[in-house]
Protein chains: 2
Amino acid sequence: MTASPRRARRSSGRITLADVAQAAGVSPITVSRALREERSVDPVLVQRVREAADALGYVPDPAARALASQRSTQVLVLVPMLSNTLFVDLLESVHRVLFPAGFQPLIGVTHYDSAEEELLLRTYLPHRPAGLLVTGFDRSETARQLIARSGVPCVHLMETSEAPGVHCVGFSQVDAGAAITGHLLARGRRRIAFCAAQLDPRTLQRAEGYRRALREAGLYDPQLELLSPESSSISLGARLFEEMLQRMPGIDAIFFCNDDIAQGGLLAANRLQVPVPQRIAVAGFNDLAGSDQMVPPLTTVRTPRGEVGQAGASMLLGLMRGTPAPASCIQLGYELVVRGST
Amino acid sequence: MTASPRRARRSSGRITLADVAQAAGVSPITVSRALREERSVDPVLVQRVREAADALGYVPDPAARALASQRSTQVLVLVPMLSNTLFVDLLESVHRVLFPAGFQPLIGVTHYDSAEEELLLRTYLPHRPAGLLVTGFDRSETARQLIARSGVPCVHLMETSEAPGVHCVGFSQVDAGAAITGHLLARGRRRIAFCAAQLDPRTLQRAEGYRRALREAGLYDPQLELLSPESSSISLGARLFEEMLQRMPGIDAIFFCNDDIAQGGLLAANRLQVPVPQRIAVAGFNDLAGSDQMVPPLTTVRTPRGEVGQAGASMLLGLMRGTPAPASCIQLGYELVVRGST
DNA sequence: CTGAAAGCGCTTACAG
DNA sequence: CTGAAAGCGCTTACAG
């Protein structure tokens with residue numbers, strides 16, 4: 001007696017592939033293929049499909065597409081911190097490559113914390129991102145496995161590695177650290193201190209470069225190093241400057257591992273009326289916004305984060321499309337920017 | 001003769017709801033409900049389902065969920081620019097509220113460009129975000145309609161409006177601009193200049209506050225305003241300082257619309273050896289990183305972006321869950337931070 | 001080059 | 001409180 005058809009209708013009112021197919025007089029498959037340019041479709045049909053799609057204002061449903069194809073068009077991008085403007089520049093260039101290519105960056109911030117990175121991976125990997133962009137190589141074994149087992153193409157940014165099968169774009173943080181230290185040496189400095197914050201892998205690589213340069217000059221002294229695990233900031237830089245100067249009054253230069261702490265150091269020098277560079281030369285790293293406006297302007301290393309983002313995203317694009325470029329590891333350069341502070 | 005069953009198998013190897021259901025000895029629906037706590041389910045079954053899910057390592061497929069429910073768990077967050085650390089702070093607090101609640105922020109950067117904002121909305125709205133967080137009210141009519149027609153709950157940040165049905169969390173940029181100008185007046189300044197960049201709505205609201213305060217004091221002079229459409233930056237601040245001083249040598253104070261240009265102005269003063277605050281008082285806006293370290297330290301207005309993000313995300317959470325809080329518009333305060341530069 | 005069928009892994013809408 | 005059926009809107013896998 002209950003003859004009412006028990007149909008669970010729940011149309012979302014959305015224009016679907018089927019609507020376009022009907023309007024164009026072809027099958028849904030053909031619409032799908034025509035719109036994605038996946039397989040050769042009769043140009044005449046392609047044209048008809050496109051017109052129908054435009055006329056109806058058809059927009060593919062990303063969820064349906066992701067479910068059917070087991071792949072979304074989002075690209076997970078993991079960076080340590082946005083308060084370091086280095087990563088803002090990096091994200092900007094990544095976006096400029098990925099977005100026009102039909103992929104959307106999904107930004108995750110790890111706060112230099114491997115547990116947070118793991119949580120982000122656990123949360124986002126089930127979304128089946130089309131690709132993955134991560135910062136450096138320092139992560140938990142679990143995170144590493146999550147990435148590997150996901151099968152999602154991954155490119156590492158900011159550091160390089162020669163390990164086989166690894167895709168990366170970066171530059172030598174060690175060499176760059178050695179180069180700026182070498183510059184200070186060339187300027188005649190002999191008691192060159194190193195102040196660092198955060199102590200992430202790249203910072204420690206710069207420390208290594210610093211040590212290498214000083215050892216080669218026979219001037220290395222562990223007492224000249226001040227390493228703080230705190231987050232990098234202008235105010236921390238000011239504190240480190242004062243502390244270093246108090247602890248080792250004989251220093252004639254400081255290499256700060258990042259421009260923000262270097263700027264803080266310079267401001268502390270201004271406040272304490274320590275003549276820079278006469279009494280102490282100050283150098284930074286990364287050439288961040290404002291460094292050229294300091295008094296005196298800050299000598300630093302210009303790092304190619306824009307290019308790293310651009311090249312890394314392009315490499316990932318190749319991987320995602322199945323047409324990877326030959327190189328799996330790109331080593332970019334850096335540039336010494338000598339200004340008034342040294 | 002072709003007896004082979006024509007089945008299009010394409011299991012992804014993934015653990016599904018059905019697997020959990022089988023293991024727990026219940027129907028898939030019950031698993032779905034137990035895990036989402038959507039409807040009351042027998043506690044005994046819930047327990048069994050949870051154990052089965054844990055044992056199998058079940059992770060729901062976001063794409064399938066989004067397709068079936070017409071709603072993803074992502075929240076689109078649109079900000080103008082990440083190089084303004086104000087928005088980094090905002091995003092940070094938004095993440096802290098949303099992520100633990102099971103929603104993932106999807107960050108979009110508009111670069112203060114309404115066409116870019118439209119493109120982001122067109123790209124991301126089809127993903128059916130669970131919610132939307134946007135900056136201010138200034139957008140194209142098209143963007144406004146895209147948002148309204150999408151039916152996605154939306155909260156506006158950083159500005160407030162009394163329009164009915166609008167959800168927002170912000171503070172009065174006008175009042176804050178007037179307050180800092182009032183402070184300069186109270187310090188006895190009479191020729192108070194205003195330097196601004198970007199000229200986005202919030203900057204112009206601060207300008208309004210500046211004008212209001214000076215008009216009330218009978219000291220308003222349009223010649224004292226220097227408005228640049230360029231992006232805000234430390235180096236632009238330095239240029240604006242020099243230009244302003246050259247154009248109007250009689251000024252005795254400058255209110256910069258944002259701390260980055262104020263910092264640049266302060267550095268220019270250092271370089272040109274213009275005594276601050278003796279010859280010229282300098283004030284900024286937002287209390288960004290580094291302002292407290294300037295020489296002299298910068299007087300500014302501390303704006304509650306962290307609280308805006310926190311309250312805005314919480315309000316959105318209520319909207320998304322269908323349990324909106326009573327207030328649809330929250331007006332927060334700001335705080336004058338008087339330091340050595342005034 | 002084109003298509004009919006099945007399936008991706010969930011949730012909605014009904015029923016009981 | 002629980003479930004069988006249908007459906008969300010695509011793409012894959014086969015065939016021809």
Side-chain angles (χ1 to χ4, degrees), chain A residues 1-22 24-49 53 56 58-73 126-128 130, chain B residues 1-22 24-49 53 56 58-73 126-128 130:
Chain A
M1 284 293 131
T2 58
S4 69
R6 197 159 149 256
R7 318 197 117 236
R9 283 245 163 254
R10 39 178 166 138
S11 161
S12 58
R14 186 167 196 144
I15 308 285
T16 69
L17 249 197
D19 297 328
V20 179
Q22 191 168 29
V26 297
S27 76
I29 304 322
T30 300
V31 175
S32 173
R33 291 204 273 248
L35 260 26
R36 279 178 304 137
E37 305 174 323
E38 175 231 33
R39 268 210 303 212
S40 39
V41 173
D42 186 333
V44 177
L45 292 188
V46 172
Q47 180 61 14
R48 230 157 71 200
V49 166
L56 293 173
Y58 170 66
V59 182
D61 184 321
R65 186 171 266 186
L67 179 58
S69 69
Q70 304 283 13
R71 217 126 221 69
S72 82
T73 55
H127 289 242
R128 300 207 178 267
Chain B
M1 286 295 130
T2 58
S4 69
R6 194 157 151 259
R7 317 199 116 235
R9 283 243 163 254
R10 39 181 167 135
S11 163
S12 58
R14 186 166 195 145
I15 309 286
T16 69
L17 248 197
D19 297 327
V20 179
Q22 191 168 30
V26 297
S27 76
I29 304 322
T30 301
V31 176
S32 172
R33 292 203 272 247
L35 261 24
R36 278 178 304 137
E37 304 174 322
E38 175 233 31
R39 268 208 306 208
S40 39
V41 173
D42 185 334
V44 177
L45 292 189
V46 171
Q47 180 62 16
R48 231 159 67 201
V49 165
L56 293 173
Y58 170 67
V59 182
D61 185 319
R65 187 171 265 184
L67 179 59
S69 70
Q70 304 283 15
R71 216 128 224 62
S72 82
T73 55
H127 290 241
R128 300 204 177 268

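Numbers restart at 1 for each chain; the letters A, B, ... are given by sequence-line order, proteins then strands. Everything quoted here is computed from the prediction, not taken from an experiment.
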Novice: Return the CG to CZ distance between A:L17 and A:R65, rounded to the nearest 0.5 Å.
Specialist: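 Separation between the atoms: 8.0 Å.
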Novice: Applying side-chain hydrogen bond (donor to acceptor under 3.5 Å, both in side chains), name anything that partners A:Q22, two or more places apart in sequence or on another chain.
Specialist: none
Novice: Between P on C:dG9 and CD on B:Q22, what's the gap in Å once rounded to a whole number?
Specialist: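 Value for this atom pair: 15 Å.
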Novice: Write down the distance between CG (B:L35) and C1' (C:dG9), rounded to a whole number of angstrom.
Specialist: 14 Å
Novice: How many whole angstroms separate atom CD1 of B:I29 from atom P of D:dG3?
Specialist: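 Spelled out: CD1 on B:I29 to P on D:dG3 is 9 Å.
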Novice: For DNA chain D, just give me the dot-bracket, please: Watson-Crick or G-U, both distances below 3.5 Å, ( ) intra-strand, [ ] crossing earlier pairs, | paired with another strand, . unpaired.
Specialist: |||.||||||||.|||
Novice: Which residues pass the side-chain hydrogen bond (donor to acceptor under 3.5 Å, both in side chains) test with B:R128, sequence neighbours left out?
Specialist: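 Partners of B:R128 by the side-chain hydrogen bond (donor to acceptor under 3.5 Å, both in side chains) criterion, ordered by chain and then number, come out as B:Q70.
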Novice: Is the shortest side-chain N/O distance from A:S69 to OP1 or OP2 of D:dT11 below 4.0 Å?
Specialist: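 Answer no for this pair, as no side-chain N or O of A:S69 is under 4.0 Å from OP1 or OP2.
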Novice: Are OP1 or OP2 of D:dT12 and a side-chain N or O of A:R36 less than 4.0 angstrom apart?
Specialist: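 For D:dT12, OP1 or OP2 has a side-chain N or O of A:R36 closer than 4.0 Å.
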Novice: Between P on D:dA13 and CD on A:Q70, what's the gap in Å once rounded to a whole number?
Specialist: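 Distance, rounded to whole Å: 10 Å.
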Novice: Given C:dG9, D:dG9, D:dT2, which nucleotide is nearest the side-chain atoms of B:D61?
Specialist: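 My answer, after comparing the listed nucleotides, is C:dG9.
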Novice: Separation of A:R33 atom CZ from D:dT12 atom P, in whole Å?
Specialist: 10 Å
Novice: Which residues satisfy the side-chain contact (heavy atoms from CB on, under 4.5 Å) test with A:P28, sequence neighbours excluded?
Specialist: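 If we apply the side-chain contact (heavy atoms from CB on, under 4.5 Å) test to A:P28, skipping adjacent residues, the hits are A:A21.
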Novice: Report the residue (A:Y58 or B:S27) whose heavy-atom-nearest nucleotide on DNA chain D is the more 5′ of the two.
Specialist: B:S27
Novice: Between C:dG9 atom P and A:R65 atom CZ, what is the distance in whole Å?
Specialist: 19 Å
Novice: Taking 4.0 Å as the cut-off, does a side-chain nitrogen or oxygen of A:T30 come that near to OP1 or OP2 on C:dG3?
Specialist: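 Checking C:dG3 against A:T30, a side-chain N or O does come within under 4.0 Å of OP1 or OP2.
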Novice: Among B:L35, B:V44, B:D42, which residue meets the side chain to side chain contact (heavy atoms under 4.5 Å, CB included) test with B:V49?
Specialist: B:L35
Novice: Return the value, rounded to whole Å, for the distance between atom CG of A:L17 and atom P of C:dG7.
Specialist: 20 Å
Novice: Checking side chain to side chain contact (heavy atoms under 4.5 Å, CB included) between A:V31 and each of A:V20, A:D19, A:T16, A:V46, which is the one that passes?
Specialist: A:V20
Novice: Under the rule for side-chain hydrogen bond (donor to acceptor under 3.5 Å, both in side chains), what residues qualify as partners of A:T30, not counting sequence neighbours?
Specialist: A:S27
Novice: Whole-Å distance between D:dT12 P and A:L67 CG?
Specialist: 11 Å
